[in-house]
Amino acid sequence: MTSERDDQADKGASGAAQTFTALPERFGDDTSTFHRCLAEVSRIPGLEPVPEPTDGDTRSWVHAVRRALRTAEERGLVLSEASFEVLLEAAVQDPNPSFNRWFVEPALNAYGYRRVRAGLLERLVGGTDAQRAGAARAWYWTAFHLEPDGASAEHPGALELDGATDRTVLVREWNQAALREFVTNEDLDVRRCILPGLPLRTSAYPPELHHLVETATALARAHPDNYIRHRVEIQVST
């Protein structure tokens, strides 16, 4: 799977450029779930109708729904209360770690950081493994700045909630939950998707979790998956 998040370059302690290996495709990718989410997205008021394919060409349909959402947002899309879960679940189920941002961004602009992040955190802690992995991929895009000309909520009070415009809100809670999940959840996709955004330094956690940082690092270094072993070495050196 290639995306704008793949093959990122960074510099380690030595100053040498380091390249991140592309996030592998998910195992057992259930595209039917994502397509059901897209069908819900296509029914959001304000989007140009995108009929579901009758010829089996789901690839073109997927891109058409994404474009319809993007176009509607650029025109000042006003999102209803019901649209929140529709967008969030589409972002979580999207198998592409770049295009899922097209669902995250309008949700952020309309509902704010706290609500979007709380929804992703809920899925990380209590969702299925597919939702946990998808929430980790979607979380990456929640650091974006809110766009004043982006989508807005039908009920503007949604952005008046505590932490709605605070880019640091729930980051600590997410990191701690993600660390625990990485250590305890043996699902390969979950671990692959959590690791890129997981701080592996004890200073990022309270003292009672420091042992889990060491456990996570050791686990990743000894993991049979090439991506996890490669990724952890870059993260501990930056």
Side-chain angles (χ1 to χ4, degrees), residues 1-5 23 25-26 28-124 127-142 144-159 164 189 193:
M1 176 186 300
T2 58
S3 75
E4 64 190 73
R5 286 181 54 184
L23 181 66
E25 292 186 7
R26 297 185 301 180
D29 187 11
D30 181 12
T31 55
S32 62
T33 300
F34 177 51
H35 291 167
R36 287 196 295 273
C37 291
L38 275 184
E40 293 293 325
V41 170
S42 69
R43 290 191 282 271
I44 290 177
L47 270 66
E48 290 292 328
V50 183
E52 294 187 45
T54 58
D55 59 358
D57 185 12
T58 56
R59 185 181 182 88
S60 296
W61 175 67
V62 166
H63 287 305
V65 175
R66 287 179 174 137
R67 285 196 301 270
L69 177 60
R70 193 75 158 185
T71 299
E73 184 179 21
E74 291 172 351
R75 294 175 178 172
L77 177 64
V78 178
L79 291 166
S80 67
E81 180 66 19
S83 298
F84 172 75
E85 286 294 336
V86 172
L87 289 174
L88 202 65
E89 193 61 19
V92 167
Q93 295 295 343
D94 193 330
N96 190 297
S98 284
F99 289 131
N100 57 358
R101 68 180 286 186
W102 289 23
F103 306 111
V104 175
E105 287 179 340
L108 277 179
N109 289 324
Y111 307 106
Y113 293 108
R114 176 175 289 280
R115 189 168 180 192
V116 172
R117 286 177 172 172
L120 295 177
L121 182 58
E122 180 180 353
R123 286 164 171 80
L124 177 70
T128 64
D129 283 339
Q131 287 177 315
R132 291 184 174 104
R137 291 192 304 274
W139 180 270
Y140 176 89
W141 301 110
T142 65
F144 273 44
H145 287 284
L146 301 181
E147 296 291 340
D149 297 327
S152 60
E154 186 177 20
H155 303 292
L159 277 177
D189 289 327
C193 293

Before you tell me yes or no, could you show the steps for Asp94 and Arg66 under side chain to side chain contact (heavy atoms under 4.5 Å, CB included), namely the whole-Å CA-CA distance, both residues' side-chain angles and the distance that decides it to 0.1 Å? CA-CA 11 Å; Asp94 193 330; Arg66 287 179 174 137; 2.8 Å; yes

Could you walk me through whether Asn109 and Asp149 pass the side chain to side chain contact (heavy atoms under 4.5 Å, CB included) test, one step at a time? CA-CA 9 Å; Asn109 289 324; Asp149 297 327; over 6 Å; no

Run the side chain to side chain contact (heavy atoms under 4.5 Å, CB included) check on His35 and Gln93 step by step: do they pass? CA-CA 9 Å; His35 291 167; Gln93 295 295 343; over 6 Å; no

Let me see the working for Trp141 and Glu105 under side chain to side chain contact (heavy atoms under 4.5 Å, CB included), right down to the final yes or no. CA-CA 8 Å; Trp141 301 110; Glu105 287 179 340; 5.6 Å; no

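A pairwise comparison of heavy atoms in Cys37 and Ala90 identifies CB-CA, 3.9 Å as the closest pair. Between Ala64 and Val50, the shortest heavy-atom distance links the atoms CB-CG1, 3.8 Å. Taking every heavy atom of both residues into account, Pro53 and Gly56 meet most closely at CB-N, 4.4 Å. Nearest approach of Leu69 to Leu77, heavy atoms of both residues: CD1-CD2, 3.9 Å. Ala72 and Gly46 get closest at one heavy-atom pair: CB-O, 3.7 Å. The two atoms that bring Tyr111 and Leu79 nearest to each other are OH-CB, 3.3 Å, heavy atoms only.
A donor-acceptor pair under 3.5 Å is formed between the side chain of Arg117 and the backbone N or O of Thr142. At distances below 3.5 Å, not a single donor-acceptor pair connects side-chain atoms of Arg114 with backbone N or O atoms of Ala164. Checking side-chain atoms of Tyr113 against main-chain N and O of Phe144 turns up a donor-acceptor pair under 3.5 Å. For Thr71 (side chain) and Arg67 (main-chain N/O), a donor-acceptor pair under 3.5 Å exists by modelled atom type.
Side-chain contact between Phe84 and Val116 is present, with heavy atoms from C-beta onward closer than 4.5 Å. Inter-residue side-chain proximity for Val92 and Leu120 is flagged as met; some heavy-atom pair is nearer than 4.5 Å. By the 4.5 Å heavy-atom criterion applied to side chains, Leu47 and Val41 are counted as neighbours. Side-chain contact between Val86 and Phe103 is absent, with no heavy-atom pair separated by less than 4.5 Å. Within the 4.5 Å cutoff, side-chain heavy atoms of Pro95 are placed close to those of Phe34. When side chains are defined from C-beta on, Asp189 does not count as touching Arg132, because their heavy atoms never get closer than 4.5 Å.
With rounding to the nearest 0.5 Å, the separation of CG in Leu38 from NE2 in His63 is 10.5 Å. How far CG of Leu23 is from SG of Cys193: 5.0 Å, rounded to the nearest 0.5 Å. Note that OG of Ser83 is 12.0 Å distant from CZ of Arg43, once rounded to the nearest 0.5 Å.
A salt bridge links Glu81 with Arg115: at least one charged nitrogen is closer than 4.0 Å to a carboxylate oxygen. Ion pairing between Glu85 and Arg123 holds under the 4.0 Å rule for side-chain N and carboxylate O.
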